Asks: 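The structure that follows is given in the form of structure tokens.
On a predicted model such as this, the values are computed, not experimentally measured, just so you know.
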Amino acid sequence: MPGPAAPCSRGSLCLPLLLLLLAPPARARPANHSVLREKGGEGRDEKELVPPDHLNGVKMELDGHLNREFHQEVFLGKELERFEEDSQPRRNRRKLVGIFAKVDVNNDKKISAKEMQRWIMEKTDEHFQEAVEENKMHFRAVDPDGDGHVSWDEYKIKFLASKGFNEKEIAEKIKNNEELKIDEETQEVLDNLKDRWYQADNPPPDLLLSEQEFLSFLHPEHSRGMLHFMVQEIIRDLDQDGDKKLTLPEFISLPVGTVENQQAQDIDDDWVRDRRKEFQEVIDANRDGIVTMEELEEYMDPMNEHNALNEARQMIAVADENQNHHLELDEILKYSEYFTGSKLMDYARNVHEEF
């Protein structure tokens with residue numbers, strides 16, 4: 001199925017390091033684009049210019065991988081970094097107690113699915129607002145004349161400069177329509193980015209992006225049209241028979257080859273298990289064994305209230321030891337690693353003294 005590709009193709013050097021333990025794949029899982037953006041040490045500037053593979057609060061990465069931090073992102077919101085940076089269990093426990101009190105809006109000392117749904121939507125919106133603020137800075141960086149619009153050529157100049165090309169030389173050559181001597185990998189990335197640029201360029205198309213359109217370019221989760229385009233890309237990468245739908249075998253297909261050590265085998269076993277569970281229990285809404293583009297788009301939409309309620313119920317089920325369909329504070333503290341990524345020691349001993 002022809003169409004624009006993500007900034008990093010399958011089977012390239014962007015594959016996660018541990019996958020290199022496998023033989024070269026004939027049918028590989030989608031590659032991790034973030035490695036491409038870090039290649040060569042270009043650093044922060046290039047990350048600002050290339051659409052990120054990882055989108056906070058979205059269940060799947062742009063390359064088709066499941067977002068393993070999703071639960072923490074929609075439970076902690078902006079607090080996520082503070083939990084990651086703080087190595088003191090007691091302080092994190094105190095913060096978690098404070099979060100529990102905020103989620104428990106009716107103060108009945110337990111969290112219902114509706115309360116958790118409301119909280120998830122609030123935290124997802126936090127990620128949205130954070131992306132909007134970051135976009136303002138990134139847009140100013142690529143809009144040197146400050147006219148409120150960025151042309152494709154302006155963006156291309158800044159992108160190539162971030163890759164180590166001489167900005168003045170590139171600008172002069174583009175102005176004079178001279179041929180640019182660009183390596184094959186960089187040209188492939190540029191071609192794919194231009195496809196995204198076209199998609200973000202709202203009618204009437206003029207190849208000039210406003211600040212809002214640039215936000216859609218960097219963060220497709222903010223635009224329904226770009227969300228649809230993102231789903232098309234993911235399905236194209238995974239769809240092996242070209243029917244624009246995904247079967248379970250397509251969704252969990254692994255690179256063909258011999259695993260050389262047990263660690264790599266365990267990682268792949270976990271990967272397949274997670275993919276199968278997500279496909280069967282969440283994405284395939286009508287349980288017919290096929291995921292359509294519409295089903296995947298619903299699954300990917302971070303501001304879908306129905307998805308947020310389902311996610312709330314799943315999160316509660318993980319820690320609901322007394323099976324009352326609610327979460328008490330001691331349950332959240334006991335399963336803190338699931339909700340925050342941080343394991344809190346002696347949770348039971350400190351519940352009453354802190355709450």
Asks: Kindly indicate whether the side chain of Lys245, heavy atoms from C-beta on, has any atom under 4.5 Å from the side chain of Met293.
Replies: no
Asks: Are more than 12 heavy atoms from other residues, nucleotides or ligands located less than 6.0 Å from atom CD of Gln212?
Replies: no
Asks: Give me the atom names and distance for the closest heavy-atom approach of Glu73 to His54.
Replies: OE2-NE2, 2.6 Å
Asks: What pairs of residues pass the salt bridge (Lys or Arg N to Asp or Glu O under 4.0 Å) test when at least one of them lies in residues 111-123, not counting sequence neighbours?
Replies: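 Every pair satisfying salt bridge (Lys or Arg N to Asp or Glu O under 4.0 Å) with a residue in residues 111-123: Arg118-Glu122, Lys123-Glu126.
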Asks: For His127, check ring-ring contact (aromatic ring centres under 6.0 Å, His included) against everything at least two apart and list the hits.
Replies: none
Asks: Check step by step if side chain to side chain contact (heavy atoms under 4.5 Å, CB included) holds for Met226 and Phe229.
Replies: CA-CA 5 Å; Met226 285 298 287; Phe229 176 64; 4.2 Å; yes
Asks: Is Glu311 salt-bridged to Lys59, going by a charged N under 4.0 Å from an acidic O?
Replies: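 Answer for the salt bridge query: yes.
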Asks: Looking only at heavy atoms, which two atoms of Arg196 and Pro51 are closest? And how far apart?
Replies: CD-CG, 3.8 Å
Asks: Distance check, rounded to the nearest 0.5 Å: Gln199 atom CD versus Ser223 atom OG?
Replies: 9.5 Å
Asks: I'd like to know if Glu167 and Lys158 make a salt bridge, using a cut-off of under 4.0 Å between side-chain N and carboxylate O.
Replies: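 Salt bridge: yes.
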Asks: Within the structure provided, determine whether Phe100 and Leu333 are in side-chain contact (heavy-atom separation under 4.5 Å).
Replies: no
Asks: Give, for atom CD of Gln314 and atom CD of Glu281, the distance between the pair rounded to the nearest 0.5 Å.
Replies: 7.5 Å
Asks: Minimum heavy-atom separation for Phe128 and Glu221, please, with both atom names.
Replies: CZ-O, 3.6 Å
Asks: Is Val132 isolated, or which residues cluster with it under the ILVMFWY side-chain rule of less than 4.5 Å, directly or via members?
Replies: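 ILVMFWY cluster around Val132 also holds Leu215.
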Asks: Residues in ring-ring contact (aromatic ring centres under 6.0 Å, His included) with Phe279, at least two apart?
Replies: Phe251
Asks: Check Arg275 with Glu278, please: is the shortest side-chain N to carboxylate O separation under 4.0 Å?
Replies: no
Asks: Is the centre of the His71 ring less than 6.0 Å from the centre of the Phe339 ring?
Replies: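 That pair fails the under 6.0 Å test.
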Asks: Out of curiosity, Lys334 NZ to Ile332 CD1, how far, rounded to the nearest 0.5 Å?
Replies: 14.0 Å
Asks: Looking at Asp270 and Arg273, is any side-chain nitrogen of the basic one under 4.0 Å from a carboxylate oxygen of the acidic one?
Replies: yes
Asks: Assigning hydrophobic clusters by single linkage (Ile, Leu, Val, Met, Phe, Trp, Tyr; side-chain heavy-atom cutoff under 4.5 Å), is Val50 placed with Tyr198?
Replies: yes
Asks: Which atom names give the shortest non-hydrogen contact between Met121 and Ala308, and what distance separates them?
Replies: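 Residues Met121 and Ala308, closest heavy atoms: SD-CB, 3.5 Å.
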Asks: Please list, one pair per line, the donor and acceptor atoms closer than 3.5 Å that link side chains of residues 169-180 to other protein atoms, with sequence neighbours excluded.
Replies:
from, atom 1, to, atom 2, distance (Å)
Glu172, OE2, Asn176, ND2, 3.2
Asn176, ND2, Glu172, O, 3.2

Asks: Does Phe70 belong to the same Ile/Leu/Val/Met/Phe/Trp/Tyr cluster as Val318, with side-chain heavy atoms less than 4.5 Å apart forming each link?
Replies: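 Yes.
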Asks: Quick one, Lys95 with Glu81, criterion salt bridge (charged side-chain N to carboxylate O under 4.0 Å, His left out). Give me CA distance, side-chain angles, the key distance, then yes/no.
Replies: CA-CA 12 Å; Lys95 284 183 283 188; Glu81 288 186 9; over 6 Å; no
Asks: Measure the spacing between CG of Asn67 and CG of Asn56 and express it to the nearest 0.5 Å.
Replies: 7.5 Å
Asks: Would Leu309 and Val282 show up in the same hydrophobic cluster when neighbours are defined by side-chain heavy atoms closer than 4.5 Å?
Replies: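 Hydrophobic grouping puts Leu309 apart from Val282.
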Asks: How would you list, by chain and number, every residue that makes a ring-ring contact (aromatic ring centres under 6.0 Å, His included) with Tyr299, sequence neighbours excluded?
Replies: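 Once residues adjacent in sequence are excluded, Tyr299 has no partner under the ring-ring contact (aromatic ring centres under 6.0 Å, His included) criterion.
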Asks: Show your reasoning for whether side chain to side chain donor-acceptor pair (under 3.5 Å) applies to Glu298 and Asn307.
Replies: CA-CA 8 Å; Glu298 284 295 302; Asn307 285 352; 5.4 Å; no
Asks: To the nearest 0.5 Å, what is the distance between CD (Glu321) and CD (Gln323)?
Replies: 9.0 Å
Asks: Which atom pair, heavy atoms only, marks the closest approach of His65 to Asp63?
Replies: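 Looking at all heavy atoms of both residues, the shortest contact is N-OD1, 3.1 Å.
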Asks: For the hydrophobic clusters of this structure (ILVMFWY residues joined by side-chain heavy atoms under 4.5 Å, transitively), does one cluster hold both Leu208 and Trp152?
Replies: no
Asks: Looking at Phe217, Phe214, Tyr155, which hits ring pair (Phe, Tyr, Trp, His ring centres under 6.0 Å) with Phe139?
Replies: Phe214
Asks: Report yes or no: do Ile290 and Ile234 belong to one cluster of Ile/Leu/Val/Met/Phe/Trp/Tyr joined by side chain heavy-atom distances under 4.5 Å?
Replies: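 No; Ile234 is not reachable from Ile290 via cluster members.
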Asks: Might you point out which heavy atoms bring Ala113 and Arg313 nearest each other, and give the distance in Å?
Replies: CB-CG, 3.9 Å
Asks: Under a 3.5 Å threshold, yes or no: a donor from one side chain and an acceptor from the other, between Asp183 and Gln187?
Replies: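 Their side chains do not contain a donor-acceptor pair, so the 3.5 Å distance test is not met.
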Asks: Just do the side chain to side chain contact (heavy atoms under 4.5 Å, CB included) check on Leu218 and Glu134 with the steps written out, would you?
Replies: CA-CA 10 Å; Leu218 289 182; Glu134 288 177 356; over 6 Å; no
